[in-house]
K.L.:
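The structure that follows is given in the form of structure tokens.
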Amino acid sequence: MNVLKKRWAAAAAAAAGLVLLTACGSGGSSGGSGGAITLGFAQVGAESGWRTANTKSIQDSAKTAGIELKFSDAQQKQENQISAIRSYIQQKVKVIAFSPVVESGWDTVLKEAKTANIPVILTDRAIDSPDKSLYKTFLGSDFIAEGKKAGEWLTKEFGSATGQVNIVELQGTTGSAPANDRKKGFADVIAADPKYKIVASQTGEFTRAKGKEVMEAFLKSQPKIDVLYAHNDDMALGAIEAIEAAGKVPGKDIKIVSVDGVKDALQALADGKINHVVECNPLLGPQLMDLVKKVAAGEQVPARIETQETEFDQASAKAALPQRQY
């Protein structure tokens, strides 16, 4: 009988241990299963080829780094991102990272994360909060520099032009950091010469479909368009469809400069339909996971970490295409 009691007690203890392990594995205050770091990531959406590549890089890198990833797609809505961040706070994740839809309106939810002692990392897009203590670091691109590169290409391409150079601009999502900064960088460069004139500027929401729709409207309202400046490749690719449908030749009748460097745009550049592409690197995953581990361990990290990027003309696009991942 004593032997049976001992066996029962051992079985009960083992069962209790299993319950305890299951509770830890359910993402309680430990911040992840088996001691793994849990990262809550709130993505903007899936609006472009760039964003799809960015998401894949984050998901693949989390697996490689052994980080437990909780992922949400905000579908371009700030309220969805705020809800996701609040959910991550309730789940007591170890680190929160997100790519903000727009620049403003984050202080309240980020103060909630700070109160819960959950560090926050901004990826790809910055916010305009004066309180820099609400996040540990920003990882991403210098969007103003990208806009300047597009403007510098334009001023070289049309440097010898004697008459007015008419530019149409497809802006990114209204209020977003890349749209605001790419517009500013470009405008700052072309402002040096009055012959460069933006005759129409409207958001194409970073999507191919909207880029096509807005370009169709530009072609109807503007009798003469020399250049299209697109804040991302997907809008430029949509605009190419509209230009061709209007009986014009993209890359010749209307010169095109865009930002990102996705494979489809490099192909269009190789084919002569786009004239210049400024790179914005979406493959932030490995750098992000390195930062997640550091902030989870309480290490100090730089306040801003920029990704390395280049530019493409037709020759360099052809050279890059065979190895392009996205």
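For clarity, every value in this text was computed on a predicted model and none was experimentally measured. What you see below is based on every heavy atom in this structure, not just the backbone, and it leaves out hydrogens, waters and symmetry mates. Numbers here are sequence positions counted from 1.
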K.L.:
If we only count heavy atoms from C-beta on, is the D253 to I243 side-chain gap below 4.5 Å?
P.N.:
no
K.L.:
Using the test side chain to side chain donor-acceptor pair (under 3.5 Å), find all partners of S133 that sit at least two apart in sequence or belong to another chain.
P.N.:
K114, D131
K.L.:
From T203 OG1 over to L170 CG, what is the distance, rounded to the nearest 0.5 angstrom?
P.N.:
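It is 8.5 Å, given to the nearest 0.5 Å.
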K.L.:
Where is the tightest heavy-atom contact between S104 and D128, given as atom of each residue plus distance?
P.N.:
OG-OD2, 2.6 Å
K.L.:
Which residues pass the side chain to side chain donor-acceptor pair (under 3.5 Å) test with E103, sequence neighbours left out?
P.N.:
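Per chain and number, E103 pairs via side chain to side chain donor-acceptor pair (under 3.5 Å) with N180.
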K.L.:
Give the cluster check for I305 versus L283: same hydrophobic cluster or not, with ILVMFWY residues linked at side-chain heavy-atom distances below 4.5 Å.
P.N.:
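Each belongs to a different hydrophobic cluster.
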K.L.:
Could you give the distance from CD (Q308) to CG (N281), rounded to the nearest 0.5 Å?
P.N.:
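Going from the CD atom of Q308 to the CG atom of N281 covers 9.5 Å.
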K.L.:
Report whether V189 and I167 are members of the same hydrophobic cluster (ILVMFWY, side-chain heavy atoms less than 4.5 Å apart, transitive linking).
P.N.:
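No, no single cluster joins them.
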K.L.:
Say you draw a straight line from CE of M215 to NZ of K220; how long is it, rounded to the nearest 0.5 Å?
P.N.:
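Going from CE on M215 over to NZ on K220, the span is 12.5 Å.
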K.L.:
Taking atom types as modelled and ignoring hydrogens, do the side chains of Q171 and S201 form a donor-acceptor contact shorter than 3.5 angstrom?
P.N.:
yes
K.L.:
Among all residues two or more places apart in sequence or in another chain, which pass the side chain to side chain donor-acceptor pair (under 3.5 Å) test with Q202?
P.N.:
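Expected list: none.
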K.L.:
Would you call D234-R51 a salt bridge at under 4.0 Å N-O?
P.N.:
no
K.L.:
Rounded to the nearest 0.5 Å, what separation is found between the CD1 atom of I96 and the CG atom of L39?
P.N.:
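So the gap between those two atoms works out to 9.0 Å.
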K.L.:
Going hydrophobic residue to hydrophobic residue with side-chain gaps under 4.5 angstrom, can you get from F312 over to V257?
P.N.:
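They do not share one cluster, since no chain of ILVMFWY contacts under 4.5 Å joins F312 to V257.
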K.L.:
Before you tell me yes or no, could you show the steps for S72 and Y88 under side-chain hydrogen bond (donor to acceptor under 3.5 Å, both in side chains), namely the whole-Å CA-CA distance, both residues' side-chain angles and the distance that decides it to 0.1 Å?
P.N.:
CA-CA 10 Å; S72 68; Y88 296 148; 3.3 Å; yes
K.L.:
Side chains of M235 and F206: closer than 4.5 Å at any heavy-atom pair?
P.N.:
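The answer is yes, as the side chains (C-beta and beyond) meet within the 4.5 Å cut-off.
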K.L.:
What's the spacing between L139 CG and L122 CG if we round to 0.5 Å?
P.N.:
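Reported value, rounded in 0.5 Å steps: 9.5 Å.
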K.L.:
Apply side chain to side chain donor-acceptor pair (under 3.5 Å) to E311 and list each qualifying residue two or more places apart in sequence or on a separate chain.
P.N.:
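Side chain to side chain donor-acceptor pair (under 3.5 Å) list for E311, sorted by chain: H276.
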K.L.:
Going through the distances and angles, do V259 and Y229 end up as a side-chain contact (heavy atoms from CB on, under 4.5 Å)?
P.N.:
CA-CA 9 Å; V259 182; Y229 168 42; 4.3 Å; yes
K.L.:
Between Y326 and L321, is there shared hydrophobic-cluster membership here, with clusters defined by ILVMFWY side-chain heavy atoms closer than 4.5 Å?
P.N.:
no
K.L.:
Please examine the side chains of R86 and V109, heavy atoms only from C-beta on, and report whether any two atoms are closer than 4.5 Å.
P.N.:
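Yes, side chains in contact.
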K.L.:
Carefully, step by step, assess R304 and T137 under the rule side-chain contact (heavy atoms from CB on, under 4.5 Å).
P.N.:
CA-CA 6 Å; R304 185 178 176 91; T137 185; 5.6 Å; no
K.L.:
Hey, are the side chains of I127 and L110 touching, using non-hydrogen atoms and a 4.5 Å cut-off?
P.N.:
yes
K.L.:
Could you report the tightest heavy-atom contact between I256 and W153, atom names first, then the distance?
P.N.:
O-CH2, 4.5 Å
K.L.:
Check the side chains of T307 and Q287 for a donor-acceptor pair under 3.5 angstrom, ignoring hydrogens and angles.
P.N.:
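Result is no, nothing qualifies.
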K.L.:
Do K248 and I254 make a side-chain contact, defined as non-hydrogen atoms from C-beta onward lying under 4.5 Å apart?
P.N.:
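Counting from C-beta outward, K248 and I254 do come under 4.5 Å.
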K.L.:
Determine the sole option in V295, V95, V292 for which the side-chain contact (heavy atoms from CB on, under 4.5 Å) test with K136 is passed.
P.N.:
V295
K.L.:
For the residue pair L154 and I190, what are the closest heavy atoms and their distance?
P.N.:
CD2-CG2, 3.6 Å
K.L.:
Dump the intermediate steps for side-chain contact (heavy atoms from CB on, under 4.5 Å) on K210 and T173, then the final yes or no.
P.N.:
CA-CA 11 Å; K210 192 70 176 176; T173 304; over 6 Å; no
K.L.:
Hey, what do you get for CG (L266) to CG (D260), rounding to the nearest 0.5 Å?
P.N.:
10.0 Å
K.L.:
Just checking, is any N or O donor in the side chain of E112 or T108 under 3.5 Å from an acceptor N or O on the other one?
P.N.:
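There is no such pair between these side chains.
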K.L.:
Check N232, D233, N275 against S258 for a side chain to side chain donor-acceptor pair (under 3.5 Å) and give me the one that passes.
P.N.:
D233
K.L.:
Do I85 and Q90 come within less than 4.5 Å of each other through their side chains, counting heavy atoms only?
P.N.:
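No, too far: nothing below the 4.5 Å cut-off.
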K.L.:
Strictly distance-based, threshold 3.5 Å: is any side-chain N or O of D193 a donor or acceptor partner for the main-chain N or O of K195?
P.N.:
yes
K.L.:
Could you pull out the closest heavy-atom pair between A242 and K212, with the gap in Å?
P.N.:
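A242 and K212 have their closest heavy atoms at CB-O, 3.6 Å.
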K.L.:
So do the side chains of Q222 and I225 get within less than 4.5 Å of each other, counting heavy atoms only?
P.N.:
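They are in side-chain contact.
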K.L.:
Restricting to ring-ring contact (aromatic ring centres under 6.0 Å, His included), what partner residues turn up for W50, sequence neighbours left out?
P.N.:
none
K.L.:
State whether the side chain of Q81 and the backbone N or O of A42 hold a donor-acceptor pair below 3.5 Å, judged by distance alone.
P.N.:
yes
K.L.:
Partners of D181 by side-chain contact (heavy atoms from CB on, under 4.5 Å), sequence neighbours excluded?
P.N.:
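Here the qualifying residues are F143, I144.
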K.L.:
Going hydrophobic residue to hydrophobic residue with side-chain gaps under 4.5 angstrom, can you get from V227 over to F218?
P.N.:
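No, no single cluster joins them.
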K.L.:
Could you tell me whether the side chain of I82 reaches within less than 4.5 Å of the side chain of W106, counting heavy atoms only?
P.N.:
yes
K.L.:
Does CD belonging to Q300 count more than 12 external heavy atoms closer than 6.0 Å?
P.N.:
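Not buried by this count: 12 neighbours or fewer within 6.0 Å.
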K.L.:
Give a yes or no answer on whether the side chain of Q91 reaches the backbone of S87 with a donor-acceptor pair at less than 3.5 Å.
P.N.:
yes
K.L.:
Can you see which heavy atom on L284 is nearest to which on D124, and at what distance?
P.N.:
CD1-N, 4.0 Å
K.L.:
List the steps, then state whether side-chain contact (heavy atoms from CB on, under 4.5 Å) holds for F98 with R125.
P.N.:
CA-CA 9 Å; F98 75 112; R125 299 181 179 186; over 6 Å; no
K.L.:
With distance as the sole test, does T52 use its side chain to make a donor-acceptor pair with the main-chain N or O of S48 at under 3.5 Å?
P.N.:
yes
K.L.:
Which atom names give the shortest non-hydrogen contact between R208 and D264, and what distance separates them?
P.N.:
NH2-OD2, 3.2 Å
K.L.:
Classify the angle between the aromatic ring planes of F71 and F41 as parallel (below 30°), tilted (30 to 60°) or perpendicular (above 60°).
P.N.:
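F71 vs F41 ring planes: parallel.
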K.L.:
Using a 3.5 Å distance criterion without hydrogens, assess whether the side chain of S57 forms a donor-acceptor pair with backbone atoms of G285.
P.N.:
yes
K.L.:
Within the side chain of S61, is there an N or O that forms a donor-acceptor pair under 3.5 Å with the backbone of I58?
P.N.:
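The answer is no, because no donor-acceptor pair under 3.5 Å joins these two groups.
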K.L.:
Using the rule given for side-chain hydrogen bond (donor to acceptor under 3.5 Å, both in side chains), can you reason through D226 versus Q164, listing the C-alpha separation, both sets of side-chain angles and the distance that settles it, and then say yes or no?
P.N.:
CA-CA 9 Å; D226 299 303; Q164 182 170 295; over 6 Å; no
K.L.:
Check whether the side chains of Y135 and S129 place a donor and an acceptor atom closer than 3.5 Å, and report yes or no.
P.N.:
no
K.L.:
What I want to find out is whether R324 reaches E279 closely enough, with some N-O distance under 4.0 Å, to be called a salt bridge.
P.N.:
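Answer for the salt bridge query: yes.
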K.L.:
With the threshold set at 4.0 Å, does a side-chain nitrogen-carboxylate oxygen contact exist between K149 and E146?
P.N.:
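Not counted as a salt bridge, because no side-chain N and carboxylate O are separated by less than 4.0 Å.
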K.L.:
Around atom CD of E79, are there more than 12 heavy atoms of other residues, nucleotides or ligands at under 6.0 Å?
P.N.:
yes
K.L.:
Under a 3.5 Å cutoff, is there a donor and acceptor pairing between the side chains of N80 and S83?
P.N.:
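The criterion, which ignores hydrogens and geometry beyond distance, is not satisfied for S83 and N80.
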